[in-house]
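This is a predicted model, so every value here is computed, not measured. Letters A, B, ... mirror the listed sequences (proteins, then strands); counts begin at 1.
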Amino acid sequence: MPEGHTVHRLARTFDALFVGEGLRLSSPQGRFAAGAAMLDGRALVRAEAWGKHMFLGFGPRPTTGTGTTTGTTTGTTTSTTTTPDADLAWLRVHLGLYGSWTFAGDGSTRVAHAIGAPRRRVGEQEHALPAASPSTAASSAPPAGETPDGWDVPAPRGQVRVRVLGAHAVADLTGPSACEVVTDDERRAVLARLGPDPIRDDADPERFVARVRRSRTAVGLQLMAQDVVAGVGNIYRAEALFRAGLDPSTPGTDVPAETLRAIWDDLVVLMRDGVATGRIGTTRPEHRGLGHEKGRMDPRRVRQNTDDDPGVVSREESFYVYHRDGLACRVCGATVLVRDAAGRTLFWCPACQV
DNA sequence: AATATATGCAAAG
DNA sequence: TTTGCCTATATTT
């Protein structure tokens, strides 16, 4: 699931669970031991997402000897942080294809149990952390060797690169393609290489429009390029092009600016909906329904959106073309095609997308 | 036990 | 354009 909406969800979750609190960082797996030691004991000041990168900004290491709290635990957005970005130590995390965060806690804040790669067993629910009785736990993570009050901290499962432990919750990271401590300059250098992110309010759509039209590279490849538009992955790429009725192989120079603006506006809606719901869904109600035509999807490909909550569109009904090769197009009935495009699988309808 | 698969990306050829 | 890497899970041998 690590397209942009996933990462924004993660940043929001870290904000809700950990901002303003001194945290314990460790690397149960060992591969991030040095980085974890650098950040251990510091307070999380800010969590930010841009495209598929998440940055956690940590304040200075507390100088006092005992476990006094560095920040507030008011929990909501009001804390006007006085620490400038430039003074923060940043943890940069990129989930890549396999990365995932798993959460547990005392239930004082409801968050998804896991956010990241499609790790759940087929049919398993992504249940939220169970609500528990109000905890009287301390307002910051405990010193080494102690455990938080009021809830049990689970042992790390699998190859946990980094564990973030607060007073009320714990987060374990497995399988990231990037997990490193960077300076503010290094963080800004990463951001400078990213295109506008449709989920962010500060994004400039015209940067996207101009950039695509500057190159003859196929629009289907450009939509996956993070320096063109940040946060779009294989699903949003395929679905946005379908909804725009645009052939993925169209050279960028040939796509009208109006079409690109429409794609941008569509991505804004689709991806922000993904942030809100935790799932990608792009079909309009009149186009849903299981394969009325050429059979159902291969169940082995149903790896996400498997929750059967009432009112939730099933995984099988969520997409127009993604993973639907060989099936009939939901709109026109033509057979959905698939091919490899620069190492990624591209799905499209040859009749609807011209 | 071995293999196939995945919503990603960077480095090498 | 191809290879390598990060990891857990489902399926096949």
| message | Can you list everything that forms a ring-ring contact (aromatic ring centres under 6.0 Å, His included) with H53(A)? Sequence neighbours excluded, please. | response | H94(A)
| request: In whole angstrom, give the distance that lies between atom CD1 of I235(A) and atom C1' of dT5(B). | output: 14 Å
| When the P atoms of dA4(B) and dT3(C) are considered, how many whole Å apart are they? | 16 Å
| field | Distance test, side-chain N/O of Q29(A) to OP1/OP2 of dT7(C), below 4.0 Å | value | yes
| query | For the ring pair F14(A) and F55(A), is the centre-to-centre distance below 6.0 Å? | reply | no
| Taking Q353(A) for the side chain and L246(A) for the main chain, is one N or O donor matched with an acceptor at less than 3.5 Å? | yes
| message | Need one value for R193(A): base, sugar-phosphate or nothing, where a base atom within 4.0 Å counts as base even if backbone is also close, heavy atoms only. | response | nothing
| query | Reckon R344(A) has a side-chain N or O less than 4.0 Å from the OP1 or OP2 of dA6(B)? | reply | no
| remark: Whole-Å distance, N234(A) CG to dA6(B) C1', equals 10 Å
| Between dT7(C) (C1') and L95(A) (CG): distance, integer Å | 12 Å
| message | With a 4.0 Å cut-off on N to O distance, would you call D265(A) and R261(A) a salt bridge? | response | no
| query | Starting at CZ of R237(A) and ending at P of dA6(B), how long is that distance when rounded to a whole Å? | reply | 14 Å
Donor-acceptor pairs under 3.5 angstrom involving side-chain atoms of residues 220-235 of chain A: please list them, not counting sequence neighbours.
from, atom 1, to, atom 2, distance (Å)
Q222(A), NE2, V212(A), O, 3.0
Q222(A), NE2, T217(A), O, 3.1
Q226(A), OE1, G231(A), N, 2.9
Q226(A), NE2, M224(A), O, 3.4
Q226(A), NE2, V232(A), O, 3.1
D227(A), OD2, R211(A), NH2, 3.2
N234(A), OD1, R237(A), NE, 3.2
N234(A), OD1, R237(A), NH2, 2.7
N234(A), ND2, T345(A), O, 2.8

| query | Do T183(A) and D185(A) have a side chain donor and acceptor closer than 3.5 Å? | reply | no
| message | At less than 4.0 Å, is any side-chain N or O atom of H323(A) found next to OP1 or OP2 of dA6(B)? Yes or no. | response | yes
| said: Quick check for you: to the nearest 0.5 Å, what is the distance between W50(A) atom CH2 and D197(A) atom CG? | reply: 7.5 Å
| request: May I have the distance from Y236(A) (atom OH) to dG8(B) (atom C1'), rounded to whole angstrom? | output: 16 Å
| message | Just to be sure I understand: a Watson-Crick pair is purine N1 to pyrimidine N3 plus N6-O4 or O6-N4, both under 3.5 Å. Using that and G-U wobbles, which stems of three or more pairs involve DNA chain B? | response | B:1-6 with C:7-12, B:8-12 with C:1-5
| field | Nucleotide dA8(C), atom P - distance to CG of L173(A) in whole Å | value | 11 Å
| said: I need the CD-P distance between E180(A) and dA10(B), as an integer number of Å. | reply: 11 Å
| Contact under 4.0 Å: R161(A) side-chain N or O vs dT7(C) OP1/OP2 | yes
| L221(A) has an atom CG; how far is it from atom P of dC9(B), in whole Å? | 14 Å
| field | Under-4.0 Å side-chain N/O to phosphate OP1/OP2 contact, H94(A) with dG8(B) | value | no
| Between dC5(C) and dG13(B), how far is it from one P atom to the other, in whole Å? | 13 Å
| OP1 or OP2 of dC9(B) sitting under 4.0 Å from any side-chain N/O of Q226(A)? | yes
